[in-house]
Protein chains: 2
Amino acid sequence: MAIWKSQAPTLLDVARLADVSLKTASRVLNNARVNEDKVIRVKAAMERLGYRPNELARGLKAQRSAAIGMIVPNLSDPFTANAVNAVQEVARANGFVVILASSGGDVDVERSEIVSLVGRQIDGLIVAPADSRKDSFSDLLPNGVHAVTFDQQLRNADLDSVTVTNRRGTREATAHLLGHGLKRIVAIGARPHLYTCRERVAGYRAAMKAAGIEPRVCLVDHEGMLTPAWLKDQVFDLQQADAILSLNWVCTILSLRGLRELGKTAGRDVPMLSFDDFDLADMLTPALSVVKQPAEMLGREAATLLFERLKGGRVEPRTLVLPTSLILRESCGCRSLS
Amino acid sequence: MAIWKSQAPTLLDVARLADVSLKTASRVLNNARVNEDKVIRVKAAMERLGYRPNELARGLKAQRSAAIGMIVPNLSDPFTANAVNAVQEVARANGFVVILASSGGDVDVERSEIVSLVGRQIDGLIVAPADSRKDSFSDLLPNGVHAVTFDQQLRNADLDSVTVTNRRGTREATAHLLGHGLKRIVAIGARPHLYTCRERVAGYRAAMKAAGIEPRVCLVDHEGMLTPAWLKDQVFDLQQADAILSLNWVCTILSLRGLRELGKTAGRDVPMLSFDDFDLADMLTPALSVVKQPAEMLGREAATLLFERLKGGRVEPRTLVLPTSLILRESCGCRSLS
DNA sequence: TCGTCTTGAGACACCGTTGTCAAAAATTAC
DNA sequence: GTAATTTTTGACAACGGTGTCTCAAGACGA
């Protein structure tokens, strides 16, 4: 057991106890060549004092922190939570810690968080950008600090990034709904300034165009605007929806609730298909059909890309696109499936 | 705009550019008394160089890092994600960052993460312990680093902690089910070594005892063991359940799925009430009645407790117990409600 | 005009660790 | 046994800031 002094022991304390120089203790710590007997003495001293190297000091000297930053808009979204989980795992495996920050979807907060993280000498950064209209934030990153974006993609792609096949996802989803004979399919989305939203809308439009049907897109600036009244006016009265394609998780939740308040049941009265899977989507009645994103894999790949970068190697930015998958349950009209 | 040199600029660079001493630049940075004109020169130099103070160096000198650690078993649980969110917000407001780690519910991982975080000189720690049988981990914390536990509570409570009224929560829930005339209520839980599990079971037992009915508790060591077959054998065949009280989120999900595989619908065929609310619990059919935990508040209070500690002040450990609330929807048998 | 007080600014050491380099010790060769 | 080598070790200076102390300069009253 360790003997606690009033202050945490330093390497100097260890060295003194082991009766060697500071540097020798440091060498033992770093597995450099040191005589067997001194190694033993030093290790014993470390054990006895309960010595823990000060990573701050180590990082200061070595100009690195063995920490990466991660900025997400909102942890409550299960997609994000899963991605964060995966990143954290990969980081741990590489001996890094993750400093987590959430931007609340606000670019200014995002930028200020980046500045704060950079001040903490993070070695790398993983961001799910809050706004993809803006130019990349690489102007905030000092030389040598690399960043990877995921989920969203920035305009001037000078960064590694990982996204999913958003466009194909909604295209296939829309085509599927069309296959059920549905025509007045309304796409509901929020935050049209986001890359994902634009891409998903594009996929939807492509499928509608291919079918020769006029697309009906209803977007709100912020999810908060998606109320039952809005749903009634915009989606049903104005667009005469006979099916709904929800473009993200929050929209799905709000649509589901809104629909019920209007006395309709999603999937029964109004066929519905949503982007992003979540726990219990399969337990809704009818079970919700979705476009599933590989959230954990997204996080894992983003982290892997970052660590490859940190180890040196690649130069030009790389973009990874992971496949979405259409999970057909019941709400899209596929009642036949169990 | 900043001029990027190959290396990030240091305070010395600033001082040289402003033609003042290093210390004066430092004074400007810390708003100490400095002549007006030098302040201007230094600030201009900082602006020009895009100077950002090195928090590692600052922290090394000041023996603090303005970072707190947070360890949770699993981010995928919405309860946890919300708590983390709240902690992060409070930390940010106090100028701190959060280093997030997940233990995966493994005490050894938890302890090793704590050691790692301590090495990074965190100023405080917030933990949702992975095992509440074990003694507190305060042996791992150096002098001056305080910790707060939340959700779970450790045996030797030498730490601040925030929990909810687990016992009252299940007691009221059970009483409610009993009020519907249900008798063979089976409590389903996992990880019986956890404080929350024990407390929730205790609340359930108390209510059953008060009603003079034999309690029926079915616990599994790990959630993975909760399969449809187990549900059929243990819960229905053996205990002849006519109602289910699920003691946590994962059990709820698995019970819901298991029930369906057995051809039953939770809430219709088998009344059900669950601990922990989640998005879309209200959209299940029938809507799931739950005991709701104030997750964000839990996180916020935990962080607040920690920062109070950091500012000095209290000495003896404090335990905060936040109220759960019974949210009656339909699955408990309250069909009458909307 | 001199001494005292106030204010501002620089020199220096230090936080805990590691890179550099040269000295000391151990090993080998002759 | 001595010289040439190899290894092991320690002194010293960083890394990027801040606390302490001292000293210089300006303000003020007598």
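Side chains included, hydrogens not; waters and symmetry mates left out as well; all remaining heavy atoms used. Order of the sequence lines sets the chain letters (A, B, ...), proteins ahead of strands, with each chain counted from 1.
Contacts of Phe137(A) classified as ring pair (Phe, Tyr, Trp, His ring centres under 6.0 Å), with partners at least two apart in sequence or in another chain: none. Among residues two or more places apart in sequence or in another chain, the side-chain contact (heavy atoms from CB on, under 4.5 Å) test is passed with Ala130(A) by Ser103(A), Glu110(A). The side-chain contact (heavy atoms from CB on, under 4.5 Å) check on Ala83(A) picks up Phe150(A), with sequence neighbours excluded.
Interface residues of residues 113-122 of chain B facing DNA chain D, ordered by number: none; criterion, heavy-atom separation under 4.0 Å.
Screening residues 22-44 of chain A for salt bridge (Lys or Arg N to Asp or Glu O under 4.0 Å), with sequence neighbours left out, gives no hits. Pairs passing the ring pair (Phe, Tyr, Trp, His ring centres under 6.0 Å) check and including a residue from residues 80-129 of chain A, sequence neighbours excluded, read Phe96(A)-Phe307(A). For residues 112-125 of chain B, the side chain to side chain donor-acceptor pair (under 3.5 Å) pairs, not counting sequence neighbours, are Arg92(A)-Glu113(B). The salt bridge (Lys or Arg N to Asp or Glu O under 4.0 Å) pairs that include a residue from residues 295-306 of chain A number zero, where partners must be two or more places apart or lie in different chains.
Taking atom CG of residue Asp37(A) and atom P of nucleotide dA25(C), one finds them 15 Å apart after rounding to whole Å. The distance from atom CD of Glu36(A) to atom C1' of dT9(D) is 16 Å, rounded to the nearest whole Å. In this structure, Arg16(A) places its CZ atom 14 Å from P of dG10(D), rounding to the nearest Å.
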statement: Each nucleotide of nucleotides 15-26 of chain D classed B (base within 4.0 Å of a protein heavy atom), S (only sugar-phosphate) or -, in 5' to 3' order, makes BBBBBB------

Protein-nucleic acid N or O pairs under 3.5 Å, nucleotides 4-8 of chain C:
{"from": "dG8(C)", "atom 1": "OP2", "to": "Arg33(B)", "atom 2": "NE", "distance (Å)": "2.8"}

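Side-chain polar atoms of Thr196(A) and Gln152(A) form a donor-acceptor pair below 3.5 angstrom.
The side-chain heavy atoms of Leu29(B) and Pro53(B), taken from C-beta on, include a pair separated by under 4.5 Å. Side-chain contact check for Leu117(B) versus Leu125(B): some heavy-atom pair is nearer than 4.5 Å. Side chains of Leu11(A) and Tyr51(A) form a contact here, defined as non-hydrogen atoms less than 4.5 Å apart.
When the side-chain nitrogen and oxygen atoms of Thr24(B) are compared with OP1 and OP2 of dG10(C), one or more of them lie within a distance under 4.0 Å.
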Going by atom type alone, with no hydrogens or angles, which donor-acceptor pairs under 3.5 Å involve a side-chain atom of residues 57-64 of chain A and a protein atom two or more places apart or on another chain?
none

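Five base pairs at each end of the helix from dT1(C)-dA30(D) to dC30(C)-dG1(D) define two local axes, and these are offset by 50° (rounded to 10°).
Of the options Val115(B), Val145(B), Val118(B), a side chain to side chain contact (heavy atoms under 4.5 Å, CB included) to Leu140(B) is made by Val115(B) and by none of the others.
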